[in-house]
Amino acid sequence: MKICICDDEKVFLDLIYRDVRKVLVELDDSFTVELYQTGKDFLEAYTKNPEVDIVFMDIILGVENGYQIASKIRASNEKIKIIFLTAVSKYAFKGYEIGASRYLMKPVSFSKLREVLIKMIDEIKQSNNEYIIEKNDNGIYKIFMDDIVYIETLKRNTMIHTINQDILSYKTMKSHLLRLNTMFIRCHSGIIVNLEYVTEMRKDSIKLQPGNIVPLSKYRKNEVKEALMSYFKMRIES
């Protein structure tokens, strides 16, 4: 698990780091903590490696805007936990429009930081955190597998359709299958579906949430049917 702290005040940055480390030692878990004093430095590092789980983000970073930085990382990672830091209460509530997980008022008490951080870590551990990293000409994306609805061929490339956006990939269907978990099955030479989003299996097509219809190959029909039956049985028993 990776945690980043971004604040332009060196003294405050060190204090938050100290308290975060104290909580992590208490939890006795494996974490990486990185510190940034500018939004630019954080964004550059995040662009190169978006594998970040929790971000403590100051709302006012000198001349930079913490909201804008958070919006950029939220666009490529719906599940990242963003904890805004602010000394002015009127700024805090705007953070929820961006999808902030929490906000902490400065000066931040250790008890409050501990409470929020433990809650964020628990939520991450309880969720399905399997993900893939996808890189194209537009950037690098951390894509959680349970957000992928289906993948289809697109000319010489492939398109990953998630619940929030479509992401172009230069990987082949075979390459995708090798890195995806058992919830995914190839129902057609040009289609891979996530069983969690299948709502109906028809004679020659499959209906997916929220209404997409993709082709079903007659040669793969039995395999898909068996996979769906196993999946539905598993959901009923659980």
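The analysis underlying the following values was restricted to heavy atoms, covering all of them including side chains, and did not include hydrogens, waters or symmetry mates.
Phe110 is connected to Val116 through a chain of hydrophobic side-chain contacts under 4.5 Å among Ile, Leu, Val, Met, Phe, Trp and Tyr, so both are in one cluster. Under the 4.5 Å side-chain heavy-atom criterion for ILVMFWY residues, a single connected hydrophobic cluster contains both Ile118 and Val33. With hydrophobic clusters built from ILVMFWY side chains whose heavy atoms lie under 4.5 angstrom apart, Leu180 shares a cluster with Ile163. Hydrophobic clustering of Ile, Leu, Val, Met, Phe, Trp and Tyr side chains at less than 4.5 Å, counting indirect connections, keeps Leu154 apart from Ile191. Cluster membership for Ile83 and Leu15, using ILVMFWY side-chain heavy atoms within less than 4.5 angstrom, is not shared.
What you find for Pro50 and Ile133 is that their closest heavy atoms are CG-CD1, 4.1 Å. Annotation for Ser189 and Thr153: closest pair O-CG2, 4.4 Å, computed over non-hydrogen atoms. In this structure, Lys171 and Ser175 approach most closely via the heavy-atom pair CB-CB, 4.1 Å. Considering every non-hydrogen atom in both Ile151 and Met173, the closest pair reads O-CE, 3.6 Å. Summarising the geometry of Ala70 relative to Phe84, their closest heavy-atom pair is CB-CZ, 3.6 Å, with the distance given to 0.1 Å. Across every non-hydrogen atom of Asp146 and Tyr197, the tightest pair is O-OH, 2.6 Å.
Residues Ile3 and Leu117 are in side-chain contact: their nearest non-hydrogen atoms beyond the backbone lie under 4.5 Å apart. Two residues are said to be in side-chain contact when any heavy atoms from C-beta on lie closer than 4.5 Å; Met57 and Cys6 meet this criterion. Under the 4.5 Å side-chain criterion, counting only non-hydrogen atoms from C-beta, Ile160 is in contact with His176. With a 4.5 Å cut-off on side-chain heavy atoms, Asn194 and Phe184 count as touching. Annotation: side chain of Ile16 is not in contact with side chain of Asp7 (no heavy-atom distance under 4.5 Å). Counting heavy atoms from C-beta outward, Gln165 and Tyr141 have side chains that approach closer than 4.5 Å. No side-chain heavy atom of Leu168 sits less than 4.5 Å from a side-chain heavy atom of Asn138. Looking only at side-chain heavy atoms (C-beta outward), Lys40 and Leu61 stay at 4.5 Å or farther from each other.
The local environment of CZ in Arg114 is sparse, with at most 12 non-hydrogen atoms from other residues, nucleotides or ligands closer than 6.0 Å. In this structure, Lys72 places its NZ atom where only 12 or fewer heavy-atom neighbours from other residues, nucleotides or ligands lie under 6.0 Å away. Shown here is Lys22, whose NZ atom has more than 12 heavy atoms of other residues, nucleotides or ligands within 6.0 Å.
By the 4.0 Å N-to-carboxylate-O rule, Arg102 lies too far from Glu115 to be salt-bridged with it. Glu123 and Lys119 are joined by a salt bridge, as a carboxylate oxygen and a charged side-chain nitrogen come within less than 4.0 angstrom of each other. Remark: Asp14 engages Lys10 in a salt bridge, criterion side-chain N to carboxylate O under 4.0 Å.
Going from atom CD1 of Ile143 over to atom CD of Glu134 covers 5.5 Å, rounded to the nearest 0.5 Å. Atom-to-atom distance recorded for Glu51:CD and Tyr46:OH is 10.0 Å, nearest 0.5 angstrom. The line from CD1 of Ile140 to OG1 of Thr47 is 7.0 Å long, rounded to the nearest 0.5 Å. Summarising the geometry, atom CD1 belonging to Ile54 is positioned 9.0 Å from atom CD1 belonging to Ile80; distances are rounded to the nearest 0.5 Å. We find the CZ-CG distance between Phe56 and Leu35 to be 11.5 Å, quoted to the nearest 0.5 Å. Between atom NZ of residue Lys225 and atom CD1 of residue Ile206 there is a gap of 12.5 Å, rounded to the nearest 0.5 Å.
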Problem set entry | Derivation of the side-chain contact (heavy atoms from CB on, under 4.5 Å) call for Phe144 and Thr162 | CA-CA 9 Å; Phe144 289 89; Thr162 76; over 6 Å; no
Exercise. Taking it one step at a time, do Val193 and Ile185 satisfy side-chain contact (heavy atoms from CB on, under 4.5 Å)?
Worked result: CA-CA 6 Å; Val193 297; Ile185 189 167; 3.8 Å; yes
Exercise. After noting the C-alpha distance and the side-chain angles of Leu228 and Leu195, does the key distance pass the side-chain contact (heavy atoms from CB on, under 4.5 Å) rule?
Worked result: CA-CA 7 Å; Leu228 271 175; Leu195 295 174; 3.8 Å; yes
Problem set entry | Derivation and outcome, side-chain contact (heavy atoms from CB on, under 4.5 Å), residues Met1 and Thr32 | CA-CA 6 Å; Met1 192 174 294; Thr32 298; over 6 Å; no
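Checked against ring pair (Phe, Tyr, Trp, His ring centres under 6.0 Å), Tyr36 has the following partners two or more places apart in sequence or in another chain: Phe42. The side-chain hydrogen bond (donor to acceptor under 3.5 Å, both in side chains) check on Lys2 picks up Glu34, with sequence neighbours excluded. Checked against side-chain hydrogen bond (donor to acceptor under 3.5 Å, both in side chains), Glu64 has no partners two or more places apart in sequence or in another chain.
When each of Met201, His188, Arg202 is paired with Leu216, the side chain to side chain contact (heavy atoms under 4.5 Å, CB included) condition holds for Met201 and for no other. Partner of Phe31 under the side chain to side chain contact (heavy atoms under 4.5 Å, CB included) criterion, chosen from Ile121, Asp53, Val20: Ile121. The residue from Asn77, Ile73, Ile69 that alone fulfils the side chain to side chain contact (heavy atoms under 4.5 Å, CB included) condition with Ile82 is Ile73.
The backbone N or O of Leu24 sits nowhere less than 3.5 Å from a side-chain atom of Arg21 that would complete a donor-acceptor pair. Judged by distance alone, with hydrogens and angles left aside, the side-chain atoms of Ser169 form no donor-acceptor pair with the main-chain N or O of Thr158 at under 3.5 Å. Listed for the Tyr170 side chain is a donor-acceptor partner under 3.5 Å among the backbone atoms of Asp137.
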